[in-house]
Amino acid sequence: MGYWLIKSEPEVYSIDDLAREKIALWDGVRNYQARNYLRAMGVGDLAFFYHSSTQPPGIVGLCQVVETGLPDPTQFDPDSPYFDPRSDPQNPRWWTVRVAFVEKFQRPLTLHQLRAHFSPSELPALRRGNRLSVMPLEPEVAERIGRLARTP
DNA sequence: GCCAACGTTGGC
DNA sequence: GCCAACGTTGGC
């Protein structure tokens, strides 16, 4: 089973949105490395949900991959901000997964806390200038994040 | 294939 | 609002 960290600006899509909808298509990712990670996800993988560009930034919950290998429909929608006119429907450029809500943490595990517990090499999200919206986590790191998030 | 210009991300 | 980091674009 794989572990991931996925980022979203809560004003665009938040853990509360996912808690309400239960299941969501993780669309709108337009970065090749992030797309490659999305394609590498397997059903059952767990993904921590990170809120970026908010105060405080941090990990706010957990979700689970429930469906993989889905072309991102927004790439073909001219009305979508994620429309990509160069993507060929016969050979889609952007792929994604469906995720299901698992839990919202009682308190966010803030970026500040994450910096206190992890090195940038352990947790790529801490690396200066990192802008990747989907990234893999070592199982050991994921386990520690889960423990920290549930520590009162 | 190089690289400068430009746009976006995201913490602060 | 600023700005560092970094991906993408496009001219050559």
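In what follows, every heavy atom counts, from backbone to side chain, and hydrogens, waters and symmetry copies are set aside. Proteins get letters first, then strands, A, B, ... in listed order; numbering begins at 1 in each.
Rounded to whole angstrom, the span from the OH atom of A:Tyr82 across to the P atom of B:dG7 amounts to 19 Å. Going from atom CG of A:Leu132 over to atom P of B:dT8 covers 18 Å, rounded to whole Å. One can place CD of A:Gln33 at 7 Å from P of C:dG7, the figure rounded to the nearest angstrom. Summarising the geometry, the separation between CG on A:Leu111 and P on B:dC12 is reported as 5 Å, rounded to the nearest angstrom. Regarding A:Asp84, its CG atom lies at a distance of 18 Å from the P atom of C:dG7, rounded to whole Å. Atom CG of A:Leu126 and atom P of B:dT9 are 20 Å apart (whole Å). In this structure, CG of A:Asn31 is placed 13 Å from P of C:dC6, rounded to the nearest angstrom. Nucleotide B:dG10 holds its C1' atom 9 Å from the CZ atom of A:Arg131, rounded to whole Å.
Looking at A:Asp84 and A:Arg93, a side-chain N of the basic residue comes within less than 4.0 Å of a carboxylate O on the acidic one, giving a salt bridge.
Within a 6.0 Å radius of CD in A:Glu21, more than 12 heavy atoms belonging to other residues, nucleotides or ligands are found.
Residues satisfying the side chain to side chain contact (heavy atoms under 4.5 Å, CB included) criterion with A:Val12, sequence neighbours excluded, are A:Glu9, A:Tyr82.
At the heavy-atom level, A:Arg127 lies nowhere under 4.0 Å from the strands shown. Counting non-hydrogen atoms under 4.0 angstrom, A:Ser52 reaches the backbone sugars and phosphates but no base.
Rounded to the nearest 0.5 Å, atoms CG (A:Leu137) and CD1 (A:Ile59) are 7.0 Å apart.
Between A:Arg128 and B:dC12 there is no side-chain N or O to OP1 or OP2 distance below 4.0 Å. Taking only side-chain nitrogens and oxygens, A:Tyr32 never comes nearer than 4.0 Å to OP1 or OP2 of C:dC6.
Legend: salt bridge (Lys or Arg N to Asp or Glu O under 4.0 Å) pairs involving residues 143-152 of chain A, not counting sequence neighbours, sorted by first then second residue: A:Glu103-A:Arg150, A:Glu122-A:Arg144, A:Glu140-A:Arg144, A:Glu143-A:Arg147.
In this structure, the nucleotide among C:dT9, B:dG11, B:dG7 sitting nearest to the side chain of A:Pro57 is B:dG11. Looking at the side chain of A:Arg115, the nearest of the listed nucleotides C:dG7, B:dC12, B:dG10 is B:dC12. Between B:dT8, C:dT9, B:dG11, one nucleotide has an atom nearer to the side chain of A:Tyr50 than all others, and that is B:dG11.
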